[in-house]
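The sequence lines fix the lettering, A, B, ..., with proteins before strands; numbering per chain opens at 1. Owing to the predicted nature of the structure, the values given are computational and were not obtained by experimental measurement.
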Amino acid sequence: MKKEDNFFERAYEVARRIPYGRVTTYGAIANYLGAKKSARMVGWAMNASSKDETVPAHRVVNRLGVLTGKFHFNGINLMQQLLEEEGIEVLESKVVKFKSLFWDPSSKI
DNA sequence: TGAATGACTTCGG
DNA sequence: CCCGAAGCCATTC
């Protein structure tokens, strides 16, 4: 593996750019990368980034604001816990004010 | 090389 | 927003 982690690298960068207390979607990231159809790959990249603590994958959710990847975290509670730590209300594995907390990668911080 | 998998998205009902 | 099915792309075996 590792021809050129460009795809992952970008996904990581975007994830790191997510402001504190904000969240974004896989599709948004994928779109920002130039391939919104590759939203799944973003998730895949996040999976690989799971090892990298510098990548706040917990701030990345699906388009409904659901923590679909919580099961892939160290613990199912960890992802939600981290979000709540940042002041994000999470109910039933979903971001309550997701629409308000949503952050577009193309948008400037 | 081909088939299978996946932390998604979109469309139709 | 719930349900089922199809599509897309990159990685893996």
A.B. asks: Indicate, with a heavy-atom threshold strictly under 4.0 Å, whether A/Phe71 touches base, sugar-phosphate, or nothing.
C.D. replies: nothing

A.B. asks: Tell me, with the steps shown, if A/Glu13 and A/Arg16 meet salt bridge (Lys or Arg N to Asp or Glu O under 4.0 Å).
C.D. replies: CA-CA 5 Å; A/Glu13 286 297 307; A/Arg16 293 197 191 99; 2.9 Å; yes

A.B. asks: How close or far is atom P of B/dT9 from atom NZ of A/Lys37, stated in whole angstroms?
C.D. replies: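 Between P of B/dT9 and NZ of A/Lys37: 15 Å.
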
A.B. asks: So, A/Phe8 versus A/Trp44, ring centres under 6.0 angstrom or not?
C.D. replies: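 Between A/Phe8 and A/Trp44, the centre distance is under 6.0 Å.
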
A.B. asks: Rounded to whole Å, how long is the line connecting atom CH2 of A/Trp44 with atom P of B/dT5?
C.D. replies: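 To the nearest whole Å, that distance equals 15 Å.
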
A.B. asks: Compare the minimum distances between each of B/dA7, C/dG7, C/dA10 and the side chain of A/Arg40, then state the nucleotide with the smallest one.
C.D. replies: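 Nearest to the side chain of A/Arg40 among the choices is C/dG7.
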
A.B. asks: Could you tell me how far apart A/Lys36 (NZ) and C/dC8 (P) are, to the nearest whole angstrom?
C.D. replies: 12 Å

A.B. asks: So A/Asn62, base contact, sugar-phosphate only, or nothing? Heavy-atom distance under 4.0 Å.
C.D. replies: sugar-phosphate

A.B. asks: To the nearest Å, give me how far apart CZ (A/Phe8) and P (B/dA7) are.
C.D. replies: 13 Å

A.B. asks: Nearest whole Å is fine: how far is B/dT9 C1' from A/Phe102 CZ?
C.D. replies: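 It works out to 13 Å between those atoms.
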
A.B. asks: Would you mind reading off the distance between A/His72 atom NE2 and C/dT11 atom P, rounded to a whole angstrom?
C.D. replies: 18 Å

A.B. asks: If the test is side chain to side chain contact (heavy atoms under 4.5 Å, CB included), which one of A/Val66, A/Thr68, A/Leu67 qualifies with A/Lys70?
C.D. replies: A/Leu67

A.B. asks: Can a salt bridge be assigned to the pair A/Arg22 and A/Glu86 using a cut-off of 4.0 Å between side-chain N and carboxylate O?
C.D. replies: no

A.B. asks: I want to verify a distance call: between B/dT9, B/dA7, C/dT11, whose nearest atom is closest to the A/Ser50 side chain?
C.D. replies: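 So the side chain of A/Ser50 is nearest to B/dA7.
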
A.B. asks: Spell out yes or no: do the side chain of A/Arg63 and the base of B/dC8 have one donor N/O and one acceptor N/O closer than 3.5 Å?
C.D. replies: no

A.B. asks: Mind checking A/Ala57 for me? I need base, sugar-phosphate or nothing, with any heavy atom below 4.0 Å counting as a touch.
C.D. replies: base

A.B. asks: With no hydrogens and no angle check, just 3.5 Å: does a side-chain donor-acceptor pair link A/Arg17 and A/Tyr12?
C.D. replies: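 A/Arg17 vs A/Tyr12: no donor-acceptor pair found between side chains.
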
A.B. asks: Please report, rounded to the nearest Å, how far the C1' atom of C/dA10 is from the CZ atom of A/Arg10.
C.D. replies: 15 Å

A.B. asks: In whole angstrom, what separates A/Asn47's CG from B/dC8's C1'?
C.D. replies: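 Rounded to the whole Å, the gap is 14 Å.
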
